[in-house]
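These notes concern the structure reproduced below.
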Amino acid sequence: MPALSQGAKKISFTTSWIPEGPNLFAYVARDKGFWKRHGLDVSVARGSGSGAAAQSVSAGTFDFGMAATPTVIVQAAKKLPITCIGQINYDALMGVGVLSGSPIRAPKDLEGKKLGASVTSGEYPFLPLYAEKAGLDLSKIQIVQVDGKVRERTLVEKQVDAVSAFATSTVPSLAPLGTDVRFMLFSAVGIEFYGQSLTTQPARLQQDRALCEAFVQGAMEAIQFTMTNFDEAIDIFLKANSEVAISSTGKEYARIGLGLTNLTNLVPEVKQNGFGWADPAKVATMADLVMKYAAGEGAVKPDVHTLFTNDFVGKIKLSPAELATAEKSAAPFRKYVGT
C-alpha cells in the first residue's frame with residue numbers, strides 16, 4: 001500500500017480497561033500486523049475505565065480509543081466531542097451474577113435476597129429498568145453497596161447472594177479459580193446495550209477519513225481473526241501481556257474473556273452486515289434509555305446519526321466455514337451467560 005512505502009504512520013490508541021477479552025483484538029491487530037498492513041504503527045495503552053477512555057479520546061490525548069457504548073452516549077450527552085466509528089462487540093453483558101449452585105434461577109428469585117452492587121459500575125443505573133422488564137420488585141431486594149474492587153469477593157464469600165456487574169469482567173476473574181458463576185443478562189429481558197465501540201474525535205473523522213478507515217479495517221480484521229483462530233489469538237495476547245501470562249490462571253482468564261466476547265459477535269448485525277456495523281434502530285433505542293437512566297441532569301441527547309457512523313464497517317464478513325468455526329470455539333462459554 002502507498003502508506004507502507006512512506007513508512008507507517010504512528011497512531012495512539014487506548015483500551016477501556018486492563019488487558020482482557022474485549023480488548024484482546026487490539027494486541028492481535030498490532031502484533032499480527034493487521035494495522036501495519038494498512039500503513040499504521042499503533043501504540044496500545046491500557047485504560048482505567050470507559051469514562052476515562054472516552055474523555056481522553058475527546059481531548060485528543062489519544063487518536064483512537066474504545067469505550068462501552070452506553071458510556072460514549074453519556075459523554076456525548078455532556079457535549080464531549082466523540083464519534084463511534086465501529087462496533088467491537090454487540091452485548092455489554094450487563095447482568096446479575098450468581099454462584100453456579102445458587103437457588104436463584106430467575107430474576108424473580110432475587111426478591112428477598114442481597115444484591116451486591118457498585119454505584120460507579122456501568123450497569124448500576126439500569127437496575128430499575130431491569131427490574132421493570134424482568135417483573136421483579138426492586139424494593140424487595142436488599143442492595144448492598146460495595147466497592148467494585150471487592151464486589152466479586154463478596155459473592156464468593158457469600159456475603160451477598162448475587163452481584164450486578166459485567167459478565168466479561170466477573171466470569172474470567174472467578175471461573176479460573178474454580179468458582180463457577182452464571183449470569184442473568186439484561187439483554188435476556190430486552191435491554192439491548194451494545195458492548196464496546198471504537199471511537200475518535202469528530203474533527204479527525206472529517207479531516208482524515210482515510211486514516212479512520214485504515215484504523216477500523218485493521219481492527220475488524222483482527223476481530224475476525226480472534227473468532228476464527230481462537231488459540232493463536234490467545235497466544236498473541238499472552239506474549240503481549242507477560243503479567244497475565246505468568247499468572248497461574250492467566251491463560252484461562254484470557255480464554256474465558258475472549259470466549260464471552262466472541263459470543264457477543266455471533267449476532268445478525270455481523271452475520272448479515274459484516275463486522276463493526278451498528279443497527280441504527282438499536283442505537284436510537286439505546287440512546288433513549290441512556291438519557292433516561294444514566295445521563296444525569298443537564299445532559300442533552302446527542303444526534304445519534306452523527307454520533308455513530310457505519311461508513312467504515314461491513315466490509316469483512318464470516319464465510320459459512322468461518323462462522324461454523326467461530327460458533328464451535330464460542331460454544332463452551334455459553335454456560336456462563338445462559339445463551
Side-chain angles (χ1 to χ4, degrees), residues 49-51 68-74 77 89-171 173-174 181-195 260 263-264 267 281-297 299 301 334-339:
S50 285
T69 308
T71 302
V72 176
I73 295 173
V74 169
N89 46 64
Y90 289 84
D91 189 335
L93 294 184
M94 296 177 180
V96 174
V98 298
L99 297 176
S100 59
S102 170
I104 299 173
R105 310 299 303 183
K108 189 72 173 175
D109 297 335
L110 289 166
E111 293 180 1
K113 302 295 194 299
K114 293 181 179 180
L115 176 68
S118 171
V119 294
T120 59
S121 191
E123 88 295 332
Y124 183 82
F126 304 103
L127 280 175
L129 176 62
Y130 176 66
E132 176 187 327
K133 294 280 189 179
L136 63 94
D137 188 343
L138 199 59
S139 68
K140 294 181 180 179
I141 300 173
Q142 182 183 346
I143 296 180
V144 180
Q145 301 289 353
V146 296
D147 188 290
K149 296 177 182 178
V150 298
R151 179 174 46 197
E152 282 74 21
R153 190 194 312 163
T154 64
L155 179 64
V156 173
E157 296 177 354
K158 298 184 179 179
Q159 298 173 26
V160 297
D161 302 292
V163 293
S164 78
F166 289 79
T168 40
S169 294
T170 298
V171 177
S173 297
L174 295 183
V181 293
R182 51 184 168 79
F183 264 71
M184 297 181 290
L185 297 179
F186 286 6
S187 57
V189 296
I191 306 171
E192 296 185 294
F193 285 126
Y194 280 161
L260 290 172
L263 272 179
T264 74
V267 293
K282 286 187 179 180
V283 167
T285 299
M286 188 165 40
D288 288 339
L289 292 176
V290 168
M291 292 303 299
K292 181 176 180 180
Y293 290 94
E297 292 184 11
K301 183 180 177 181
R334 292 188 182 278
K335 65 179 181 180
Y336 296 116
V337 291
T339 63

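The chain is numbered in sequence order, starting from 1.
- For Lys282, the NZ atom is densely surrounded, since the number of other residues' heavy atoms within 6.0 Å is greater than 12.
- Annotation: side chain of Gln145 is in contact with side chain of Val119 (closest heavy-atom distance under 4.5 Å).
- Summarising the geometry, atom CE belonging to Met291 is positioned 9.5 Å from atom CD1 belonging to Ile73; distances are rounded to the nearest 0.5 Å.
- Under the 4.5 Å side-chain criterion, counting only non-hydrogen atoms from C-beta, Lys335 is not in contact with Ser100.
- Annotation: side-chain contact (heavy atoms from CB on, under 4.5 Å) contacts of Thr71 (sequence neighbours excluded): Ser50, Ala68, Gln75.
- Two residues are said to be in side-chain contact when any heavy atoms from C-beta on lie closer than 4.5 Å; Lys301 and Lys292 fail this criterion.
- Between Ser164 and Glu123, the closest heavy-atom pair is OG-OE2, 2.7 Å.
- Under the side-chain contact (heavy atoms from CB on, under 4.5 Å) test applied with Phe193, the options Asp91, Thr69, Leu289 reduce to a single match, Leu289.
- Taken to the nearest 0.5 Å, the CZ atom of Phe186 stands 8.5 Å off from the CZ atom of Phe166.
- Ala162 and Val98 get closest at one heavy-atom pair: CB-CG1, 3.6 Å.
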**Message:** Using side-chain contact (heavy atoms from CB on, under 4.5 Å), reason through Arg334 and Leu263 one step at a time and then give a plain yes or no.
**Reply:** CA-CA 8 Å; Arg334 292 188 182 278; Leu263 272 179; 3.4 Å; yes

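- Across all non-hydrogen atoms, the minimal contact from Ala92 to Thr168 is O-OG1, 4.3 Å.
- The structure places CD1 of Ile143 at 15.0 Å from NZ of Lys113, a figure rounded to the nearest 0.5 Å.
- Atom CG of residue Leu185 and atom CD1 of residue Ile191 lie 10.5 Å apart, to the nearest 0.5 angstrom.
- Residues Asn89 and Gly195 share a closest heavy-atom pair of OD1-CA, 3.0 Å.
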Donor-acceptor pairs are to be reported for all side-chain atoms of residues 127-139 against protein atoms at under 3.5 Å, with residues two or more places apart or in another chain.
residue	atom	partner	partner atom	Å
Asp137	OD1	Ser139	N	3.0
Asp137	OD1	Ser139	OG	2.5
Asp137	OD2	Ser139	OG	3.3

**Prompt:** When you look at Val181 and Leu155, which way does the side-chain contact (heavy atoms from CB on, under 4.5 Å) test go after all the steps?
**Reply:** CA-CA 10 Å; Val181 293; Leu155 179 64; 4.1 Å; yes

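- Remark: Arg182 CZ to Arg105 CZ distance equals 3.5 Å, nearest 0.5 Å.
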**Request:** Take Tyr194 and Thr264 through the side-chain contact (heavy atoms from CB on, under 4.5 Å) test and state the conclusion after the steps.
**Result:** CA-CA 9 Å; Tyr194 280 161; Thr264 74; over 6 Å; no

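- Using a 4.5 Å heavy-atom cutoff, the side chains of Arg153 and Val146 are not in contact.
- Here the straight-line distance linking atom CD1 of Ile141 with atom CD of Glu111 works out to 6.5 Å at 0.5 Å rounding.
- Listed by chain and residue number, nothing satisfies the ring pair (Phe, Tyr, Trp, His ring centres under 6.0 Å) test with Tyr336 (two or more places apart in sequence, or in another chain).
- Using a distance-only test at 3.5 Å, with no hydrogens or angles considered, no donor-acceptor pair links the side chain of Arg151 to the main chain of Thr170.
- Side chains of Ile104 and Met184 form a contact here, defined as non-hydrogen atoms less than 4.5 Å apart.
- Checked options Leu93, Val96, Val171; the residue passing with Phe183 is Val171 (criterion: side-chain contact (heavy atoms from CB on, under 4.5 Å)).
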